[in-house]
There are 2 protein chains.
Amino acid sequence: MTARHEQIATELRRAIRRGEYPVGARLPAETELAARHGVSRGTVRQAVAALTAEGLIGSRQGARRVVLAGHRSQSFAELRSFAQWAQAMGREATGRVLAQEYRPATPEDAARLHLAEHTPLLHVLRVRGLDGEPVLVERTVYADWISPAVEPLDPDCASVTQRLHEETGLVFAHGEHVIDAVAAGARDAALLAVRRTSPLLRVRRVTTTHDGRPVEWSDDRYRPDAVSFTVHNAIGHNPLVRTTAG
Amino acid sequence: MTARHEQIATELRRAIRRGEYPVGARLPAETELAARHGVSRGTVRQAVAALTAEGLIGSRQGARRVVLAGHRSQSFAELRSFAQWAQAMGREATGRVLAQEYRPATPEDAARLHLAEHTPLLHVLRVRGLDGEPVLVERTVYADWISPAVEPLDPDCASVTQRLHEETGLVFAHGEHVIDAVAAGARDAALLAVRRTSPLLRVRRVTTTHDGRPVEWSDDRYRPDAVSFTVHNAIGHNPLVRTTAG
DNA sequence: CAGTGGTCTAGACCACTGT
DNA sequence: CAGTGGTCTAGACCACTGC
């Protein structure tokens, strides 16, 4: 069922975490790994490419691959909803809707969601928590074609993503996240139990379907003492982009 | 001597940016692209894998690849230093050292740099700017084995990375970045020309050589109105994709 | 210099999508 | 159902690293 290259990747990750290949150690050669697992070199290369993308190992032509880290940090490698992300860390996600209303699309809304201006759009204000502690204020705007499915959801629904998928088959397939920092406003401060003007980590994101059609966009503000983001970087390639303000 | 798969990737990027494949459009099949470029399917797959990693296109088994975005922000692909990144965006980077001193390694320093506690370490406080405007306060700690090469550098040196490479052949090959937000302290505020307690985007990073040996670690604080970070995401082999609508 | 990773080929079969 | 991407093989040559 699981692909052969994924099995090999999993085994390598385990061996690294076990300390069999400590940080700085060199991995076996591709041909050696291929022989050991009874697969072709191409399959081994698929496996090690995954670890390289995760920042676990480094790779240079002519030299053996080198272990860079003993464990994988929780990053943006895979798109997860807040609920899924919390679960992956072994914590319980909560959610509560505080306000829900329709407003005509601003030019900004229209541009981000690829819709006409003035289209009535569903705005939702949510607070989300980890293990009962509030860590995130979420201001989401939904595309008009999905809002009928969002509106009737339970205000305490822990995973909107999952409920929408169950109800409509909708898949949140892609996300673009822009990360910066803002000062907590009066409302943010009250909801997150921090002082006003206290720094918050802001993520503005647009989520789309498989074919790139925008489903929602959201302004998420995290308590920086509760949540941070980790990105790995290497000469050659990385998923992060640094942008100057326009 | 550019690789064939990279040429094909470049051509696809151009075609997308040209609008030949607008957002939502489907790319030609792998076999079609292979025939068109006179290469094997494997080479085409290398090319489209690059675009997928960049978030430019989406990919699902059984369906044609789909264009998700028409352009990419300035990527800091080659793990660019601040100076190199600024140059790539057509802006001028400046740098100024404000303080430089040795301090014994704290337990935190020792852990991050893989050195013994109490080792004297070079601490450098720098302000960096774009087109003359200060946007970043950088507090860097260098490993003991590289600090002799850092210490004598010109305080106004725009690119420490480049100078170190020229002087010692050192390569900054990997970086791990942890992103959160902090309030500007009195010193940060003065240096960046913002109010005290104003929110700053903080990136704590460790930079290593090819073999994972830490070279430096740094606490970088950006003015969030000047710099932000972008991450592209795609759903992986997630149960959400596989389950069917209820 | 031998060893290693990067690139590329020309097949093959399977799982999944869309019509 | 045909079309398409995901996986895999068994070769080959080249560029680079490290001794």
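We name chains A, B, ... by the order of the sequence lines, and we start the count at 1 in each one. Remember, predicted model here, so these are calculated numbers, not experimental data. Just the heavy atoms: all of them, side chains too, but no hydrogens, waters or symmetry mates, feed the values below.
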Side-chain donor/acceptor of Arg4(B) to base of dG6(C), under 3.5 Å: no

Test item: side-chain donor near acceptor, Gln162(B) and Glu166(B), under 3.5 Å: yes

Candidates dC8(C), dG6(D), dT17(D) - which lies nearest the side chain of Arg60(A): dT17(D)

Nearest-angstrom distance from the residue atom CG of Leu27(A) to C1' of dT4(C): 13 Å

Rounded distance in Å - CG (Leu33(A)) to C1' (dG3(C)): 15 Å

Main-chain N/O of Thr2(B) paired to Gln7(B) side chain as donor or acceptor, under 3.5 Å: yes

Integer-rounded Å distance: dG5(C) P and Gln46(B) CD: 16 Å

Quiz item: Arg64(A) side-chain donor-acceptor pair to dG18(D) base, under 3.5 Å: no

Value in whole Å for how far the P atom of dT7(C) lies from CD of Gln7(B): 12 Å

Along DNA chain C (nearest heavy atom to each residue), the more 5'-positioned of Gln61(A) and Thr43(B): Gln61(A)

Touch class at under 4.0 angstrom, heavy-atom based, for Arg45(B) against every strand present: base

Watson-Crick or G-U wobble mate for dG11(C), both contacts under 3.5 Å: dC8(D)

Backbone N/O of Thr140(B) and side chain of Glu216(B): donor-acceptor pair under 3.5 Å: no

Main-chain N/O of Ser81(A) paired to Gln84(A) side chain as donor or acceptor, under 3.5 Å: yes

Among dT17(D), dT7(D), dT9(C), the nucleotide that comes nearest once only the side chain of Ala63(A) is considered: dT17(D)

Sugar-phosphate, base or nothing in reach of Thr31(B), heavy atoms under 4.0 Å: nothing

Length of the CD-C1' vector between Glu6(A) and dA15(C), whole Å: 17 Å

Nearest-angstrom distance from the residue atom CD of Glu30(B) to P of dT7(D): 11 Å

Distance-only polar pair, side chains of Asp109(B) and Thr106(B), donor-acceptor under 3.5 Å: yes

Rounded distance (Å) that lies between atom P of dG6(C) and atom NE2 of His5(B): 10 Å

Identity of whatever pairs with dT17(C) - Watson-Crick or G-U, under 3.5 angstrom: dA2(D)

dG11(D) OP1/OP2 closer than 4.0 Å to side-chain N/O of Ser40(A): no

For atom CZ of Arg41(A) and atom C1' of dG3(C), their distance in whole Å: 11 Å

Contact nearer the 5' end of DNA chain D, comparing Ser59(B) with Val39(A): Ser59(B)

Phosphate-side-chain proximity, Arg65(B) and dG6(D), N/O vs OP1/OP2 below 4.0 Å: yes

